[in-house]
There are 2 protein chains.
Amino acid sequence: MEKLNVLVCDDDTAIVEALEIYLKQENYGVVKAHTGTQALKALSEQKIHLVLLDIMMPELDGLSTTIKIREELNIPIIILSAKSEDTDKITGLNFGADDYVTKPFNPLELMARVKSQMRRYTALGSLVSKSGLLKSGSLELDTEAKELRVDGEAIKLTATEYGIMLFLMKNMGHVFSTEQIYEHVWNEPSYSAENTVPVHIRRIREKIEINPREPKYLKVVWGIGYKIEKY
Amino acid sequence: MEKLNVLVCDDDTAIVEALEIYLKQENYGVVKAHTGTQALKALSEQKIHLVLLDIMMPELDGLSTTIKIREELNIPIIILSAKSEDTDKITGLNFGADDYVTKPFNPLELMARVKSQMRRYTALGSLVSKSGLLKSGSLELDTEAKELRVDGEAIKLTATEYGIMLFLMKNMGHVFSTEQIYEHVWNEPSYSAENTVPVHIRRIREKIEINPREPKYLKVVWGIGYKIEKY
DNA sequence: CTTTAATCTTAAGAAAATCTTAAAATTTTT
DNA sequence: AAAAATTTTAAGATTTTCTTAAGATTAAAG
């Protein structure tokens, strides 16, 4: 069973770290952020299954962040806040949050709520990104059908190949080292310097590139890593 | 659009009736119960989409009821209670409730929470659909007659087979894991790695595919799941 | 310009994971 | 009680994944 990742976003470092401890105890992966912008970036780069979001943050506040997340993703969001007035609760929930906990909170209660949301989440498998289509030129990744299309033609990918393409296409143009690719796609903390990522890269190239020797989409950056070229 | 039904269960008649008014305003169908036993009975007899459950009830209390419901169904449960101690909250959520609201509550907040749970529930459009015809090429699922047709020819499906086809065809083109299929079609919270979904898939293929070895409609995506191909 | 070291590409085969299928056991319905 | 439907079990087929290792390419140094 794959690990479930929780994104914790709060400008108060102490809270983030405390939550990290509790979440890790429950065997969740933890991704930390301190601003709404950071949170959105993390969401686009990594597979996140639930978001714990502070409402009072500098830069981009929690509610705006919630709205932005909802435009893209359908994952559970639990709002954390010092405000406890009813009106705020309603606002949070109606903006697309799934639950609302007021500070100071009992960490165990929060864990119970996380678990509750995760149960629903894994049950419905709603880990589906809404748009469903990631594009670069005539390269399209359909996250619903879990297939890749080149010039409209469907190409079968294996689960790992799909995972790599999903990661790279979500972050189109950004170069990632083999270690980074491995850690994100396999969702494991380390990569023991094996050759498995390059092998998968080659496989994908064979499937999607006209001439795998001179890749048009899946490019290497010598000494650094791989990326999907933006078109 | 089919109406979504809420089961309200509280021994306090006044509360049930108040909630009924609010829920009807939001266009939910309301089913009333005053004991846990009545609630269970209602659940087995009618299509209920969410449960509001008082924790302090004579006969069969709210938590025990929650457990019993969870053994059978995977619908959202919101616990209502006068107790507001943390320990109770935790207990409620861990027993399978999805949310917890303490009395006295603001009805608007409760409505927001109901809406929030319903949003998740209906996210995949998994249960609500206008009865009619779902089509993919020469494959037609008639949800009124509850029958499947291939090239106009009616094919008999068993209840389970029909359920699987309904789910997959409602979400045509979308790939689902066996776990997801199981949880949706059986409406149960977990699927303990058994083989029953693949067996049903095979049965369906035998009935609808010309060559079950090379399915045209019910396709596998290796390592990920199954889907109905869009035509 | 040549050499060297680092990095990437490619191939092939072994191991692991996943899917298919058949048949028997169980449960439910008729 | 019989029939039908569903679930479990388990073996075989297939596909995918990983590892190894050799060859090719690139960047940098002499």
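Naming convention: chains lettered A, B, ... in sequence-line order (proteins, then strands); numbering from 1 in each chain. Only this structure's heavy atoms are used, side chains among them; waters, hydrogens and symmetry mates stay out.
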Closer to the 5' end of DNA chain C via nearest nucleotide, is it B/P215 or A/P215? A/P215

Can you give one letter per nucleotide of nucleotides 12-18 of chain D, going 5' to 3': B for a protein heavy atom under 4.0 Å from the base, S for sugar-phosphate only, - for none? --BSSBS

Does B/R113 use its side chain to pair, donor to acceptor, with the backbone of B/I78 at less than 3.5 Å? no

Let me confirm one number: the CG-CG distance from B/D54 to B/D10, rounded to the nearest 0.5 Å. 3.5 Å

Hey, what's the ring geometry for A/Y217 with A/Y231, parallel, tilted or perpendicular (30° and 60° as the breaks)? perpendicular

Quickly work out the B/R202 CZ to D/dT7 C1' distance and round it to whole Å. 14 Å

Spacing of B/L52 atom CG and B/K32 atom NZ [to the nearest 0.5 Å]: 14.0 Å

Closest nucleotide of DNA chain C for B/P212 versus for A/P212: which of these residues is on the 5' side? A/P212

Less than 3.5 Å between a donor and an acceptor, one on the side chain of B/N195 and one on the base of D/dT9, is that the case here? yes

With distance as the sole test, does A/E229 use its side chain to make a donor-acceptor pair with the main-chain N or O of A/K216 at under 3.5 Å? no

Terminal contacting nucleotides, 5' and 3', DNA chain C versus chain A (heavy atom, 4.0 Å): C/dT7 to C/dA11

Do B/L157 and B/M165 have side chains that approach each other closer than 4.5 Å (heavy atoms only, starting at C-beta)? yes

So do B/L148 and B/E161 actually touch side chain to side chain, heavy atoms under 4.5 Å? no

Strictly below 4.0 Å, N to O, side chains only: are B/K24 and B/E26 in salt-bridge contact? no

Mind checking if A/Y162 touches a base, just sugar-phosphate, or nothing, with heavy atoms under 4.0 Å? nothing

